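Source: prediction; values computed, not measured. Protein chains get the first letters and strands the later ones, always in sequence-line order, with residue 1 at the start of each.
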There are 2 protein chains.
Amino acid sequence: MAGCRPVRLERNDTDMTASETMREMLSAMARKGWRITEQRRTLARIFAEHEGYLSPKEVYDQMNARHPGVSLDTVYRNLRELSDMGVLEQFVMMDGGLKFRANCHVRHHHHLICLSCEKTLPLEYCPMEDRVDLPGNYKILHHRFEVYGICEDCQTNGASSAERTPET
Amino acid sequence: MAGCRPVRLERNDTDMTASETMREMLSAMARKGWRITEQRRTLARIFAEHEGYLSPKEVYDQMNARHPGVSLDTVYRNLRELSDMGVLEQFVMMDGGLKFRANCHVRHHHHLICLSCEKTLPLEYCPMEDRVDLPGNYKILHHRFEVYGICEDCQTNGASSAERTPET
DNA sequence: TTAGATGCAAAGTCTTTGCAATTTG
DNA sequence: CAAATTGCAAAGACTTTGCATCTAA
């Protein structure tokens, strides 16, 4: 998907188009034996076309715009199930809010996240690869690395609307 | 505080004792013009004596044990205000749950967190120091780096009680 | 046809707020 | 004493659940 290209690669080196992404999402659902309902098709389209994270509410709003009448709980159900099966990445923002995005599973990476518009840019670098000096007696299971900032567009447009200081 | 020593230093190289930590917390409150109530004294003691994170509910339980009759909303109020003023570090766990700990403000660092008992070990390493190749057009504001695992004690004791897979 | 998906309404969890009563300095 | 702090109860935000109805395969 568009938001998934590694930093400093040209735009279309490894990109999937939105429709490729959408096809992938739908076939993942099908592989799981899911029925492809109108809503799920719409859901897939929304994430395929959006680079970055969306909150349940934002997804709900976009669903309603394109496919009026959906209910918020169905959106929640589908988001949860899709992230359980790895099609979406779930994410807890620093203020505790939930977010989802189409999963960039090309390779392990981290994100640079715009605090204003919440678009994300992948970072190829992973601090776990060799730098960290970890105690040997821990069984290491996960890690988390994110960088937060304001992207160029948002700096220019003074679009500080959604900008907020993370609470952590 | 005890949990604040950097990895691989001997236990008492840079430690503050619990009572030193407590004194610091109380004087920070006083500097802010706060009244030192029994509850706040108890709160300070709890965090001074605990290495690692505590949820609001855990704090509430410990408060009740030592000083019966506190109300949960007062605990929330004090936790929020203390972390606003930097005496406590607030933290959103990967499942969205809030946690607090006495602030190790000795120097910038990150944490290795046990998923079972939630004790934390500070990591001196910071990925932002030189390694990451960030785009120049972002205004970088924050970052977050945590490593999750199971500590030796919890591996030994099979104390997998609280162990859960983070949802992110 | 029928198992799976949805909408509705209700319940749950966690956190915050308003206000009167209490306590600290 | 005066102002800050607390407890209580209620409201809020967000998410999940139960169940009858509907629908994709």
Restricting to salt bridge (charged side-chain N to carboxylate O under 4.0 Å, His left out), what partner residues turn up for A/Arg66, sequence neighbours left out?
A/Glu49

Quick one, which residues of residues 63-74 of chain B touch DNA chain C with a heavy atom under 4.0 Å?
B/Asp73

Can you check the B/Tyr76 OH to D/dT6 P distance for me, whole Å?
16 Å

Would you mind checking if B/Asp84 and B/Arg80 are paired as a salt bridge, meaning a charged N to carboxylate O distance below 4.0 Å?
no

Between A/Glu24 (side chain only) and A/Thr21 (backbone N and O only), is there a donor and an acceptor less than 3.5 Å apart?
no

Please list, chain by chain and in numerical order, all residues satisfying ring pair (Phe, Tyr, Trp, His ring centres under 6.0 Å) with A/Tyr53, sequence neighbours excluded.
A/Phe91

Which heavy-atom pair separates A/Met128 from A/Ile140 by the least distance, and what is that distance?
CE-CG2, 4.0 Å

Whole angstroms only, please: what is the CZ-P distance between B/Arg41 and D/dT5?
14 Å

Mind calculating the distance between CG (A/Asn78) and C1' (D/dT17) to the nearest angstrom?
15 Å

For DNA chain D, find the residues of residues 28-40 of chain B with a heavy-atom distance under 4.0 Å and give them by number; none if there aren't any.
B/Trp34, B/Arg35, B/Thr37, B/Gln39, B/Arg40

Is B/Lys99 salt-bridged to B/Glu58, going by a charged N under 4.0 Å from an acidic O?
yes

Write down the distance between CG (B/Leu79) and P (D/dT6), rounded to a whole number of angstrom.
11 Å

Is the distance between the ring centroids of B/His143 and A/His110 less than 6.0 Å?
no

Rounded interatomic separation in angstrom, taking OH from A/Tyr60 and P from C/dT6
14 Å

Report the distance from atom CG of A/Asp95 to atom C1' of C/dT15, rounded to the nearest whole Å.
13 Å

Please state how far atom CG in A/Leu82 lies from atom P in C/dA5, giving the value in whole angstrom units.
11 Å

Do B/Phe100 and B/Pro56 have side chains that approach each other closer than 4.5 Å (heavy atoms only, starting at C-beta)?
yes

In whole angstroms, the gap separating C1' of C/dT16 from CG of B/Leu98 amounts to 12 Å

Hey, does the side chain of A/Arg80 come within less than 4.0 Å of D/dT16's phosphate (OP1/OP2), counting only N and O?
yes

Using the rule given for side chain to side chain contact (heavy atoms under 4.5 Å, CB included), can you reason through B/Phe47 versus B/Leu82, listing the C-alpha separation, both sets of side-chain angles and the distance that settles it, and then say yes or no?
CA-CA 11 Å; B/Phe47 279 103; B/Leu82 281 171; 5.9 Å; no

Between the side chain of B/Asn64 and the main-chain N/O of B/Gly69, is any donor-acceptor distance below 3.5 Å?
yes

Need the bend value for the helix from C/dT1-D/dA25 to C/dG25-D/dC1: angle between end axes, 5 pairs each end, nearest 10°.
40°

B/Arg77 has its side chain closest, among C/dG18, C/dT15, C/dG7, to C/dG18

Mind checking what makes side chain to side chain contact (heavy atoms under 4.5 Å, CB included) contact with A/Glu38, not counting sequence neighbours?
A/Arg41, A/His67

